[in-house]
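One structure, as structure tokens, below. Some questions next.
A note on names: the letters A, B, ... follow the listed sequences, proteins ahead of strands, and every chain is numbered from 1. As the structure is a computational prediction, the values presented were derived from the model and not from experiment.
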Amino acid sequence: MSNWNSYSPADLPEAVVKKAVQMGADDVVVTSGIDDTKQIRFANNSITTSKSWASTGLSIYLTKDKRILSTQVNELSEIDRTLDELMKRIKMMQPNEEYGGIYSGKPKFRKNVAEPTVAAMVEELFVHVDAAISSAQEAGASRVAGVLYSSSGEMHQATSGGSIGTYGSSSLEISVRAMSDAESSGHMVQSVTSPMNFEPARVGRTAGELAIESRNPEIGKEGKFDVVFSPMIFANIMERVGSSCSAGSVDAGMSFFTDMIGKKVASEKFTCYDDATNPESLDSLPFDEEGAPTGKTSLIEKGILKTYLHNTSTAKRYGTVSTGNAGLVFPSPWTTCLEPGQDTRDQLISQVNDGYYMTNTWYTRFQNYQTGDFSTIPRDAIFHIKNGKLDKPVKDIRISENMLNILKNVKAVGNDPMQVHWWEVETPVFVPHVLVENVNITKSTQ
Amino acid sequence: MDARLELDRDLATMAVDKALDQGAEYAEARMESFVTNGLFLKNGNPEIAGFGTFSGMCVRVLVKGGVGFASTDILKKDNVLNRAETAVKMAKASASLVKDRIVLSDEPTHIADYAVEQKKKIVDVGLDDIVEVLTHIDKAMTESAPLASRFIQLRMEERTKFFANSDDSKIGSRIPRIAIFTIPTIKDGDKISQAMIQRGMAMGWEYMDPVNRSEEICHEIAMTHKNMKEGVKAPTGKIDMVLGPEVVGIAAHESCGHPYEADRISGREAAQAGESFVNAKMMGSRIGSSVASVVDDPTLENSYGFYLYDDEGVKARPKILIKDGMINEFLHNRETSAVMDMGQSNAGARANNYDREAIVRMSNTFVSPGDHNDEELFEGIKLGVYMKNFMEWNIDDKRYNQRYIGREAYLIENGQVKGPVKAPILELTTPAFWNAIDAVGKKLEFSAATCGKGEPGQGIPVYTGGPHIRLKDITLGVSN
């Protein structure tokens with residue numbers, strides 16, 4: 001019986017790894033975390049609930065003869081029993097013949113600590129919410145809804161490959177949707193890792209302005225149109241680009257980039273990468289889930305697909321090296337970034353004679369993940385573009401398209417990237433405005 | 001009961017008392033413990049198995065119209081009391097900025113305990129049993145059609161809950177749930193199709209009979225393959241349609257259940273799950289034809305969305321959302337029933353875990369059976385399409401514009417079901433959908449699904465369902 005209470009949070013994972021190896025495990029990854037997250041939700045200009053989550057946990061990933069198990073433990077007193085259970089159960093598992101081990105090495109990882117003021121915030125959070133609501137109302141919105149998060153945490157990881165990492169992080173996020181009437185709304189978000197950069201009033205004002213500008217929309221037309229996408233809406237496309245680059249997605253039939261390495265998958269204007277090094281991103285850990293160093297990985301360069309995202313196992317099968325994107329089961333992107341271009345938003349709009357400017361979307365759903373056939377429903381402020389200028393607001397249209405068509409029809413990329421992470425976009429994305437030609441628009445038949 | 005699932009119920013009452021001591025006008029504690037087991041099989045390879053025992057508690061309080069919520073994943077006295085204090089602190093901080101004071105409906109006190117019986121308990125299932133069943137299903141799948149890739153995910157849990165509030169309600173439950181999910185990619189020549197298949201129930205391990213589950217899944221794959229290979233272009237212009245229970249179920253869920261959620265109608269979900277084209281003034285007005293009725297019923301035994309008391313301690317009952325084509329009832333929790341002056345909640349409050357707030361959710365939502373035999377639905381259709389199930393679907397956040405693309409679909413000519421048609425698109429408004437129904441079948445069927453809503457997102461187990469229905473004069477879209 002070990003005295004797990006005697007270990008500091010930073011030393012505990014390594015001690016558990018050692019114990020598991022002594023018990024006969026081959027590869028072991030142990031990650032512990034403590035997190036303090038607060039949330040304030042608001043709707044109809046008023047706060048609807050305020051929450052506080054105190055989370056702790058220890059996750060254990062363990063292999064023996066290519067048999068793989070994982071579990072979590074919330075209480076230190078359960079660690080011994082859990083390790084016994086893991087070693088007992090693993091005998092009942094069948095080997096994963098595609099398993100290729102985990103990263104081996106002792107790299108030095110960059111350090112980061114959580115901003116201490118974030119965890120201490122309580123009253124300030126309500127002041128931020130009040131600022132967002134007031135600014136949206138001052139811009140003309142009649143009703144304002146949204147959510148604010150503060151998050152602060154620390155994680156420690158040790159692996160049987162020798163990797164030991166510690167990382168602290170904190171963030172503030174706000175999402176504001178402003179309504180001016182039953183048919184007109186605007187939505188804006190912001191996610192920051194430094195409280196100095198947090199601008200809830202600007203976010204509220206932008207949402208309010210979009211709500212006012214989109215009043216009295218008319219039902220849009222169906223057909224093929226050039227579309228200027230705002231970062232909020234194109235982030236939905238980019239998130240799927242990132243996940244489709246995972247070798248795990250390719251293997252499972254969930255990628256529209258299957259068998260396309262080295263091939264043209266997008267227009268020459270389209271260059272994107274996965275980035276775990278940007279301190280402004282919500283997801284920028286220096287080590288991945290098997291302890292490998294993370295970095296910046298070029299995914300698509302001038303339209304050509306360069307690589308999939310890998311962990312050690314998928315890299316071995318594909319004859320390459322890990323990109324530092326484990327996911328012990330599925331490699332996954334950290335932060336998907338679209339390389340900015342030269343044009344401002346207005347310059348993109350000026351290139352469209354008859355098309356749409358879309359500022360948000362909802363429910364991107366696939367008919368077939370491998371072919372990339374999908375549809376999504378633009379919402380909030382949508383505008384008709386006529387002769388290079390924003391014209392009347394529009395409603396009730398749907399994009400019914402194919403992901404590869406969208407990427408190949410990118411005509412120009414804007415110069416104004418922003419981080420998008422909210423209810424509809426779970427993996428952080430840095431993306432500017434984007435102009436896409438010949439986008440298929442449909443609408444309800446009756 | 002398995003020791004891992006036992007809860008020290010005194011902790012919940014201590015938390016409620018602590019919150020009241022700190023100034024809460026109302027307090028509730030929901031504690032949960034659950035055992036999970038799962039396996040992920042990719043292309044026949046057992047990628048990873050997961051298991052765990054989890055427990056925790058949330059405390060929700062009301063102070064001067066402000067709501068505070070705090071949770072912990074450590075069920076020890078100090079943690080629980082700290083969380084009760086924190087919930088009150090959050091509520092007090094919020095109360096000064098609350099413009100619309102939050103009120104909860106008055107509800108009767110309930111003292112109850114209930115459990116779903118299992119022939120073979122989830123907690124007793126060995127990993128070797130799970131591997132064996134999934135391997136059997138996987139092998140059968142590969143024999144049902146040419147597959148380029150596939151994965152199967154099995155997840156099951158047995159969960160105990162104990163709810164206590166300052167109205168003296170004390171409710172315990174124990175519910176097992178088991179579900180299997182797979183996406184096979186069918187490739188034949190240059191044609192590729194996918195089927196997203198989910199099955200699940202509130203039941204023990206006996207549900208995972210390998211022969212029955214294999215037959216269900218393989219039939220879907222074989223039919224998808226046939227449809228992909230032989231499907232011809234669907235007819236254009238105005239036609240009649242017959243929809244299978246799977247399509248009827250998702251339409252009932254998406255275009256009736258969601259827009260009738262009172263928190264959407266009142267605007268609480270505006271920045272997340274969205275609002276609704278329905279408003280409170282539309283209660284009692286016509287939304288569909290006189291043969292269209294929709295029910296949400298959490299009390300169906302062994303259903304995937306089963307519960308007898310909701311997560312606010314309100315006793316569950318069936319809710320008739322559309323009755324004979326008229327808007328009849330919304331889905332409520334205690335907050336929305338107070339906002340809409342309903343008197344009492346109809347027990348629609350659910351949370352998917354102890355660290356999530358209970359919000360308005362569906363349970364088992366379905367079109368009520370009618371009086372037609374399935375064969376009668378096809379009779380008299382000169383030209384039409386039978387959409388048996390769907391692949392892509394979506395609907396806007398007000399639930400007004402909906403779209404379903406058929407996966408398995410057939411031409412109907414002169415009352416007879418003919419050969420397959422490829423990917424017909426039903427894209428129409430919600431009133432148009434419900435008004436187009438002119439006949440409803442007798443035989444009710446359900447599908448298991450996971451409904452997403454809330455911030456942070458809460459996937460919640462539900463059934464969607466209905467019998468076959470017939471739609472008149474529909475304009476179909478066709479895939480490019």
Side-chain angles (χ1 to χ4, degrees), chain A residues 40-41 43-57 68-72 74-75 89 92-94 96-98 122-123 126 130 143 145-147 175-177 179 251-254 328-329 362-363 365-371 373-375 377 379 396 398 423 442 444-446, chain B residues 40 42-43 45-52 54 66-74 86 89-91 93-94 97-100 102 126-128 131 148-151 183 185 192-194 267-268 270-272 274 355 357 391-397 401 403 405 427-429 432 455 475 477:
Chain A
I40 302 170
R41 285 187 59 164
N44 297 319
N45 312 326
S46 186
I47 290 167
T48 56
T49 188
S50 52
K51 300 176 194 165
S52 166
W53 291 283
S55 313
T56 58
I68 306 170
L69 276 185
S70 74
T71 190
Q72 287 182 36
N74 285 341
E75 297 195 30
R89 281 179 182 245
M92 295 188 270
M93 183 66 170
Q94 292 296 313
N96 175 357
E97 298 299 346
E98 294 185 340
V122 178
E123 281 78 11
F126 292 92
D130 199 38
R143 292 188 299 121
V147 65
S175 166
V176 181
R177 192 177 189 205
M179 274 68 66
D251 291 345
M254 302 296 284
L328 291 158
V329 183
W362 157 270
Y363 267 21
R365 294 284 185 270
F366 281 82
Q367 187 182 136
N368 187 320
Y369 289 91
Q370 189 153 324
T371 61
D373 295 330
F374 76 104
S375 70
I377 308 180
R379 81 170 198 191
D396 292 343
R398 180 180 272 107
W423 206 72
T442 61
S444 296
T445 52
Q446 49 218 304
Chain B
F40 184 74
K42 189 177 79 185
N43 299 326
N45 234 343
E47 285 275 321
I48 191 167
F51 72 95
F54 304 88
V67 170
F69 176 101
S71 73
T72 176
D73 41 29
I74 298 177
T86 302
K89 187 179 172 188
M90 297 294 288
S94 129
L97 285 168
V98 166
K99 294 172 185 112
D100 297 326
I102 290 159
L127 183 53
D128 45 355
V131 172
S149 57
R150 65 211 185 267
F151 68 84
I183 302 186
T185 301
I192 299 174
S193 190
Q194 287 183 327
R268 191 186 191 267
Q272 292 88 20
D355 59 356
E357 65 173 337
M391 33 190 182
E392 178 192 317
W393 65 274
N394 65 21
I395 187 164
D396 64 32
D397 67 330
N401 294 286
R403 163 177 161 121
I405 299 187
E427 186 168 353
L428 77 180
T429 65
E455 166 103 46
T475 304

Checklist line | Atom group of A/Val147 that falls short of 4.5 Å from chain B, counting heavy atoms | finding: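 When you check distances to chain B, atoms from both the backbone and side chain of A/Val147 fall under 4.5 Å.
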Notebook entry, point to check: Between A/Arg398 and B/Asn394, is any side-chain donor less than 3.5 angstrom from a side-chain acceptor?
Noted result: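 Yes, because at least one side-chain N or O of A/Arg398 sits under 3.5 Å from a partner of the opposite role on B/Asn394.
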Item checked: Expected output: side-chain B/Trp393 to main-chain A/Gln367 donor-acceptor under 3.5 Å ->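 Not at all, since once roles are kept as given, no pair shorter than 3.5 Å links the two residues.
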Check: When you measure from the side chain of A/Ser50 to the backbone N and O of B/Met90, does any donor-acceptor pair fall under 3.5 Å?
Finding: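 Present.
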Notebook entry, point to check: Do the charged groups of B/Asp397 and A/Arg177 touch, with an N to O distance under 4.0 Å?
Noted result: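 Looking at B/Asp397 and A/Arg177, the cut-off is met.
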Item checked: Any residue meeting ring-ring contact (aromatic ring centres under 6.0 Å, His included) with B/Phe51, in chain and number order, not counting sequence neighbours ->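 Per chain and number, B/Phe51 pairs via ring-ring contact (aromatic ring centres under 6.0 Å, His included) with no residue.
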Notebook entry, point to check: If you count heavy-atom pairs under 4.5 Å between each of B/Asp73, B/Thr185, B/Asp128 and chain A, which one has the most?
Noted result: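 Counting heavy-atom pairs under 4.5 Å, the top option is B/Asp73.
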Next item on the list: Give a yes or no on whether the backbone of B/Asp355 and the side-chain of A/Trp53 come within a donor-acceptor separation of less than 3.5 Å.
Entry: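 It does hold such a pair.
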Item checked: Pairing of B/Glu455 and A/Arg41 as salt bridge, 4.0 angstrom limit ->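 Judged by the 4.0 Å cut-off on N to carboxylate O distance, B/Glu455 and A/Arg41 do not form a salt bridge.
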Next item on the list: Identify which of A/Ser55, A/Ala43, A/Ser46 forms the greatest number of heavy-atom pairs closer than 4.5 Å to chain B.
Entry: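 Top count of heavy-atom pairs under 4.5 Å with chain B: A/Ser46.
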Next item on the list: Measure distances from A/Tyr369 to the heavy atoms of chain B and classify the residue's part below 4.5 Å as side chain, backbone, both or neither.
Entry: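 The answer is both parts of A/Tyr369.
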Check: For B/Ile192, is it the side chain, the backbone, both or neither that has a heavy atom under 4.5 Å from a heavy atom of chain A?
Finding: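 Interface part for B/Ile192: both.
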Checklist line | When B/Gly52, B/Gly274, B/Gly267 are compared by non-hydrogen pairs under 4.5 Å with chain A, the top option | finding: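 Ranked by heavy-atom pairs under 4.5 Å with chain A, first place is B/Gly267.
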Next item on the list: Please determine, among B/Ser149, B/Ala270, B/Ala49, the option with the most heavy-atom pairs under 4.5 Å with chain A.
Entry: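 Result: the option with the highest number of such pairs is B/Ala49.
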Notebook entry, point to check: Is it true that a side-chain atom of B/Asp396 and a backbone atom of A/Ile377 form a donor plus acceptor pair closer than 3.5 Å?
Noted result: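 No, because the side chain of B/Asp396 does not come within donor-acceptor range (under 3.5 Å) of the backbone of A/Ile377.
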Notebook entry, point to check: Donor-acceptor pair, A/Asn74 side chain versus B/Ile74 backbone, under 3.5 Å?
Noted result: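 The answer is no, because no donor-acceptor pair under 3.5 Å joins these two groups.
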Margin query: Between B/Glu47 and A/Glu98, is the side chain to side chain contact (heavy atoms under 4.5 Å, CB included) condition met? List the steps.
Written below: CA-CA 8 Å; B/Glu47 285 275 321; A/Glu98 294 185 340; 3.8 Å; yes
Notebook entry, point to check: Side chain, backbone, both or neither: which part of B/Ala91 has a heavy atom under 4.5 Å from chain A?
Noted result: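 Contact with chain A: backbone only.
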Checklist line | Side chain / backbone / both / neither for B/Val131 at chain A, heavy atoms under 4.5 Å | finding: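 Side chain only.
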Next item on the list: Measure B/Ser71 against the heavy atoms of chain A and call it side chain, backbone, both or neither at under 4.5 Å.
Entry: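 It is both, since atoms from each part get that close.
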Next item on the list: Select, from B/Asp100, B/Ile48, B/Ile183, the one with the greatest count of heavy-atom pairs under 4.5 Å involving chain A.
Entry: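 Among B/Asp100, B/Ile48, B/Ile183, the one with the most close pairs to chain A is B/Ile48.
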Next item on the list: With sequence neighbours left out, write down each residue that passes ring-ring contact (aromatic ring centres under 6.0 Å, His included) with A/Phe126, or none if nothing qualifies.
Entry: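 Scan of A/Phe126 (ring-ring contact (aromatic ring centres under 6.0 Å, His included), adjacent residues dropped) gives none.
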Notebook entry, point to check: Heavy-atom distance under 4.5 Å to chain A: side chain of B/Asn43, backbone, both or neither?
Noted result: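 Just its side chain gets close to chain A.
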Next item on the list: Under 4.5 Å, counting heavy-atom pairs only, tell me which of A/Thr371, A/Ile40, A/Asp396 racks up the most with chain B.
Entry: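 Ranked by contacts with chain B, first place is A/Asp396.
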Next item on the list: Look at B/Lys42 together with A/Asp251 and state whether they make a salt bridge at an N to O cut-off of under 4.0 Å.
Entry: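 A salt bridge links B/Lys42 with A/Asp251.
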Checklist line | Residue, of A/Gly253, A/Ser52, A/Gly146, that accumulates the most heavy atom pairs under 4.5 Å with chain B | finding: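 Option with the top pair count is A/Ser52.
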